[in-house]
Amino acid sequence: MSRYLDPAWQIAMRVRFDFNNLMAENIGEEHGFSMAELERHAHLAQAALAAVQAQRRAGGLRWMELPYQEVDALLALAAEIRARFKNFVVLGIGGSALGTIALQDELLHPFHNQLPAAQRGSPALYVLDNIDPDWLSGLLDVLDPTETCFNIVTKSGDTAETMAQLLWARRLLIDRLGAARYAEHIVATTDAVTGSLRPLVNGERFRSCRVPDGVGGRFSVLSPVGLLPAAVTDMDVPALLAGAAYADRLSQTPFLWQNAGLMFALTQYLAYRRGKPMSVMMPYAQGLRTVADWYAQLWAESLGKALDRQGQVVNVGPTPIKTLGATDQHSQVQLFVEGPHDKIFTFIFADKFGHQVEIPAWQSGQDAVDYLGGHTFNELLAAEAAGTALALAAAGRPNAAFHVPEINAFTAGQLFYLLEVATAVSGEFYNINAFDQPGVEGGKVRAFALMGRPGYEAKRAEIEAAREKRDARYEI
Ligand code: PA5
């Protein structure tokens, strides 16, 4: 039996949520919660969870079923790609890239791409989630397109950045391989039916994966969007899904005191209502750094909304802030400890690392040096993390922590799923639609107009009229 199916191992790998430092007894009554206050709001949490579960039962939240998907075909495709290509380049943006970047940092060797190919055992993985021309050109200095598979990831097939990247990759490949062979180097991950990429997949005979209906970008890490790059680079996809399924099971309970995701969502919401709109996410592991990036998008795009479900203007939403321990102790922690009381903090601690690295001893005669020797970097990082949490608590700053027993595919799947459910539940608290992103459209539409997309002529005229009104006095 694979270890991730062993119930005892699963329990040992459970992601825990420690919220001691949100409580009044540890940070004071002004900024901490009392037990009574949380109890008073338990019904609100239960109602929100019940609403999410009802939507799921009605077939509305298909991302919640991703832990149970069939992946044989995806694994077979990945094995083929792994055997044939030296490099796998993901071209996508937002929810089509951030989950893959987080998986890459969590589950691959930290210097995967720099390892010799034989030691790496799978293609180098590059995720290009931007369109900076220097970045694109730079990639060509480190890889040969003829040894590369390009994975075009766009649910909608409508995203200008990604479609431009497709054109770029296509031209590179045609120039090197010819029009008859270029398509062998492209795999598209897109909607099964709709969008502009699907007809190109059919016409050009690109291989493809489907983003299931009802799975939006930021909830798609456990769909082929994240799973294909994961499988190509030999991550343990079944363990990842088993971790998500485990989180699904744990998140079913309506008992606030037993449900980590529910308690996280409720305390975040109550903090927001108490004048703490800033939600800081601070992992203390390099491998979890970009989980904070993924969370920032999930939280911001899902919960930052102008209108509530009744169409009233509410302009709500917490502001996620992504940081990294210990690095940002020397950057933002000064503000966190002494600045405005407008933040709630969530650490992600890895209880165990893959390596234990000793700090060698040296009796140099310098106190600032000598006490470190004989300890480990593991101990030092844990001490820095505990020190920051305690310093925040002493300053009356509410802070909680997710404890990841170790960073592996099972705990990665758990954490993604837990935070996704927490986001859906939070949508209920705020009474907004957590699954749309109308605010992103404004910028997109204007970019379409400026780039001459048919159908956007009126918008272009509007932009040009606005540009003519620009006043030179306001530019220095
Ligand atoms: O979460 C979302 O829906 C967005 O961030 C999208 O992922 C992003 O806009 C890219 O969209 P698409 O996958 O359609 O190219």
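For this chain, numbers begin at 1 and follow the sequence in order. Note that the structure is a prediction, hence the values are computed from the model and not measured. When a ligand or atom number is given, it counts from 1 through the structure's own listing order.
Counted by atom type alone, Q310 and N431 present one or more donor-acceptor pairs between their side chains at under 3.5 Å. Side-chain contact check for D248 and Q252: at least one donor-acceptor pair (N or O, by modelled atom type) lies under 3.5 Å. Side-chain atoms of N151 and T189 form a donor-acceptor pair, as typed in the model, at a separation below 3.5 Å. With hydrogens and angles left out, the side-chain atoms of Y272 and S279 include no donor and acceptor closer than 3.5 Å.
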Cut-off 3.5 Å, no hydrogens considered: what does the side-chain donor-acceptor table look like for residues 225-247, sequence neighbours left out?
{"from": "T233", "atom 1": "OG1", "to": "P229", "atom 2": "O", "distance (Å)": "2.8"}
{"from": "T233", "atom 1": "OG1", "to": "A230", "atom 2": "O", "distance (Å)": "3.2"}
{"from": "D236", "atom 1": "OD1", "to": "A239", "atom 2": "N", "distance (Å)": "3.2"}

Exercise for the section: With side chain to side chain donor-acceptor pair (under 3.5 Å) as the test, would you mind laying out the steps for T194 and D191 before giving the verdict? Expected result: CA-CA 6 Å; T194 62; D191 192 273; 3.0 Å; yes
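Closer than 4.0 angstrom to ligand 1 by heavy atom are I93, G94, G95, S96, T154, K155, S156, T159, G217, R218, Q297, E301, Q437, sorted by chain and number.
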